[in-house]
K.L.:
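Attaching a single structure in structure tokens format; questions to follow.
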Amino acid sequence: MPELPEVETIRKTLSHLVLDKQIEDVSIYWSNIIQYPEDDEEFRIKVRDERITNIARRGKFLLFYLEEYVLVSHLRMEGKYKIVSKDEPLTKHTHVVFHFTDGTDMRYEDVRKFGTMHVFPIGEEFKKKPLNQLGPDPFETTYTPEYVKERLSKTSRTIKATLLDQTIIAGLGNIYVDEVLFLANIHPERRSHTLTEQEIETIYIKAKEVLQHAIDLGGTTIRSYVDGKGEMGMFQQELYAYGQDGKPCDHCGTLIEKIKVAGRGTHYCPECQSL
DNA sequence: AGTGATTCTCGGTCGC
DNA sequence: TGCGACCGAGAATCAC
């Protein structure tokens with residue numbers, strides 16, 4: 001499940017592999033991945049003959065900058081990119097293939113087929129869905145304690161739902177929200193507007209810290225995540241809450257529990273994170 | 001208007 | 001071996 005640290009790791013490894021490569025053509029095997037332009041053929045024509053000039057990231061989105069266009073890619077749960085020779089046989093989960101002029105392919109594989117791709121003329125990408133509603137990414141200068149205080153204090157939703165909301169903060173997903181709330185000693189069902197200024201400050205700091213720490217370790221490998229080079233992340237060894245249900249809390253020994261909050265499996269320590 | 005619940009995309013995994 | 005329930009990011013839709 002690629003969240004911000006996994007997408008950042010993919011961005012870095014992929015950059016080394018595809019920068020300056022020229023797209024000769026694109027093959028699309030599962031149209032639902034292509035969200036915009038709606039017509040596959042139009043999508044294909046736009047990226048064809050373009051060179052990859054940069055790979056950026058915002059929240060969980062990868063942005064492949066070409067010469068005139070930008071490809072906005074979301075991996076959702078299981079999407080991955082592979083760079084292989086064009087002779088390599090396709091797998092049954094290969095849905096989009098970018099053929100480079102040097103004889104290599106960049107292949108998008110996605111077991112669940114949930115991933116999305118959008119292509120826009122450069123400059124339009126932040127004006128339209130899906131990037132136009134995105135909140136600040138914790139590694140951007142617009143991510144400030146004041147902003148987080150402002151947004152968290154004026155909603156009555158549970159803090160879990162608020163932190164998962166990409167229009168508030170971009171990049172946190174189920175794994176890292178559970179980790180942030182554990183590190184901040186906050187119960188996932190606390191209503192956001194009941195949090196003290198100190199608690200919000202802690203969330204602000206821990207969110208950035210835990211994401212940075214995970215990036216440093218190459219992300220978290222749950223299920224099948226691997227980076228652009230096919231390597232696994234190591235952050236799963238550092239998890240305190242996510243997936244730790246039934247195991248003793250590292251801080252107090254109480255067993256970590258799993259409940260459902262905001263429709264998501266939620267892991268927390270009932271002792272350290274009391275309501 | 002804000003919130004939450006539901007539905008939809010999909011297929012691997014798990015329990016029975 | 002088979003079958004249904006479950007999971008989950010994010011958008012859309014509906015109910016309150």
Side-chain angles (χ1 to χ4, degrees), chain A residues 1-8 10 28-36 38 40 57-63 72-81 90-96 108-118 120 125-138 150-180 188-195 207 211 214 219-226 236 239 241-246 257-268:
Chain A
M1 277 170 262
E3 298 182 29
L4 188 152
E6 292 74 39
V7 177
E8 176 62 14
I10 292 165
I28 299 165
Y29 301 101
W30 191 259
S31 287
N32 288 1
I33 304 282
I34 311 298
Q35 300 274 313
Y36 187 88
E38 280 190 29
D40 289 1
R57 180 192 57 73
R58 242 180 87 63
K60 306 178 195 174
F61 289 88
L62 273 176
L63 288 76
V72 178
S73 169
H74 196 299
L75 307 169
R76 294 290 176 94
M77 272 104 77
E78 310 243 13
K80 39 187 75 75
Y81 282 101
L90 298 178
T91 75
K92 64 171 175 172
H93 300 305
T94 305
H95 307 309
V96 182
Y108 179 74
E109 300 183 355
D110 188 341
V111 169
R112 292 282 183 283
K113 298 176 175 173
F114 273 17
T116 60
M117 292 185 193
H118 295 72
F120 302 110
E125 68 271 31
F126 296 117
K127 297 176 185 169
K128 292 179 178 168
K129 277 188 288 186
L131 296 182
N132 63 344
Q133 298 288 10
L134 225 49
D137 179 302
E150 160 73 15
R151 294 302 300 268
L152 297 202
S153 59
K154 69 172 216 194
T155 177
S156 63
R157 303 163 77 190
T158 60
I159 186 62
K160 170 95 182 192
T162 307
L163 293 180
L164 283 173
D165 186 340
Q166 301 298 299
T167 70
I168 293 177
I169 298 172
L172 291 173
N174 208 29
I175 298 174
Y176 297 106
V177 169
D178 283 1
E179 293 304 301
V180 169
E189 286 176 308
R190 278 278 297 282
R191 298 284 155 175
S192 303
H193 68 277
T194 70
L195 295 170
L211 291 171
T220 302
T221 296
I222 299 286
R223 288 167 173 272
S224 59
Y225 160 78
V226 289
Q236 63 277 12
L239 296 173
Y242 185 86
Q244 306 304 302
D245 41 309
E257 283 184 14
K258 183 175 182 181
I259 58 175
K260 206 175 194 78
V261 184
R264 295 286 178 264
T266 300
H267 315 72
Y268 77 111

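So that the names make sense, note that chain A is the first sequence line, chain B the second, and so on, each numbered from 1.
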K.L.:
Could you tell me if A/Thr155 and A/Thr162 have a donor-acceptor pair between their side chains, going purely by distance under 3.5 Å?
P.N.:
no

K.L.:
Please state whether the phosphate of B/dG2, meaning OP1 or OP2, lies under 4.0 angstrom from any side-chain nitrogen or oxygen of A/Lys154.
P.N.:
no

K.L.:
So for the helix from B/dG2-C/dC16 to B/dC16-C/dG2, with five pairs setting each end axis, what is the inter-axis angle to 10°?
P.N.:
50°

K.L.:
Taking only the side-chain nitrogens and oxygens of A/Thr155, find out if one of them lies under 4.0 Å from OP1 or OP2 of B/dG2.
P.N.:
no

K.L.:
Using the ring of each side chain (for Trp, its six-membered ring), is A/His74 parallel, tilted or perpendicular to A/Phe61, with breaks at 30° and 60°?
P.N.:
perpendicular

K.L.:
Taking only residues two or more places apart in sequence or in another chain, which ones pass side-chain hydrogen bond (donor to acceptor under 3.5 Å, both in side chains) with A/Arg190?
P.N.:
A/Thr194, A/Glu199

K.L.:
Could you tell me the separation between the CZ atom of A/Arg58 and the P atom of C/dA9, rounded to a whole number of Å?
P.N.:
19 Å

K.L.:
Go through the side-chain N and O atoms of A/Tyr108 and A/Ser73 and say whether any donor and acceptor fall under 3.5 Å apart.
P.N.:
no

K.L.:
Would you mind classifying the nucleic acid contact of A/Gly263 as base, sugar-phosphate or nothing, using non-hydrogen atoms under 4.0 angstrom?
P.N.:
nothing

K.L.:
Do the side chains of A/Asp165 and A/Arg151 get close enough for a salt bridge, i.e. N-O under 4.0 angstrom?
P.N.:
no

K.L.:
Can you check nucleotides 6-10 of chain B for protein contacts, nitrogen or oxygen pairs under 3.5 Å, and list what you find?
P.N.:
residue: B/dC10; atom: OP1; partner: A/Asn32; partner atom: ND2; Å: 3.1
residue: B/dC10; atom: O4'; partner: A/Arg112; partner atom: O; Å: 3.3

K.L.:
Between C/dG10, C/dA11, C/dA12, which nucleotide has the shortest distance from any of its atoms to the side chain of A/Arg264?
P.N.:
C/dG10

K.L.:
Can you name the nearest heavy-atom pair linking A/Gly115 to A/Asp110, along with the distance?
P.N.:
N-OD2, 2.9 Å

K.L.:
Can you name the residues that form a side-chain hydrogen bond (donor to acceptor under 3.5 Å, both in side chains) with A/Glu179, not counting sequence neighbours?
P.N.:
none

K.L.:
Closest approach to the side chain of A/Ser156, judged atom by atom: which nucleotide of C/dA12, C/dA9, B/dT3 is it?
P.N.:
B/dT3

K.L.:
Whole angstroms only, please: what is the CD-P distance between A/Glu189 and B/dG4?
P.N.:
11 Å

K.L.:
Just to verify, what does A/His118 make a side-chain contact (heavy atoms from CB on, under 4.5 Å) with, not counting sequence neighbours?
P.N.:
A/Gln35, A/Tyr36, A/Val72, A/Thr116, A/Phe120, A/Pro130

K.L.:
Heavy-atom distance under 4.5 Å between the side chains of A/Leu4 and A/Arg57, does that happen here?
P.N.:
yes

K.L.:
Are A/Lys260 and C/dC7 close enough that a side-chain N or O sits under 4.0 Å from OP1 or OP2?
P.N.:
yes

K.L.:
With a 4.0 Å limit, can you tell me whether A/His74 has a side-chain N or O closer than that to the phosphate oxygens OP1/OP2 of C/dA9?
P.N.:
no

K.L.:
Could you check how far CZ of A/Arg191 sits from P of B/dG2, rounded to whole Å?
P.N.:
16 Å

K.L.:
Please give, in whole Å, the distance from C/dC7 P to A/Ile175 CD1?
P.N.:
16 Å

K.L.:
Separation of A/Lys160 atom NZ from C/dG10 atom P, in whole Å?
P.N.:
13 Å

K.L.:
Take atom CD of A/Gln35 and atom P of C/dG10, then tell me their distance rounded to the nearest Å.
P.N.:
13 Å

K.L.:
Over how many whole Å does the gap from A/Leu163 atom CG to B/dT3 atom P extend?
P.N.:
14 Å

K.L.:
Taking CG from A/Leu4 and C1' from C/dA9, how many angstroms apart are they, rounded to a whole number?
P.N.:
15 Å

K.L.:
According to salt bridge (Lys or Arg N to Asp or Glu O under 4.0 Å), who are the partners of A/Lys160, at least two apart in sequence or on a separate chain?
P.N.:
A/Asp178

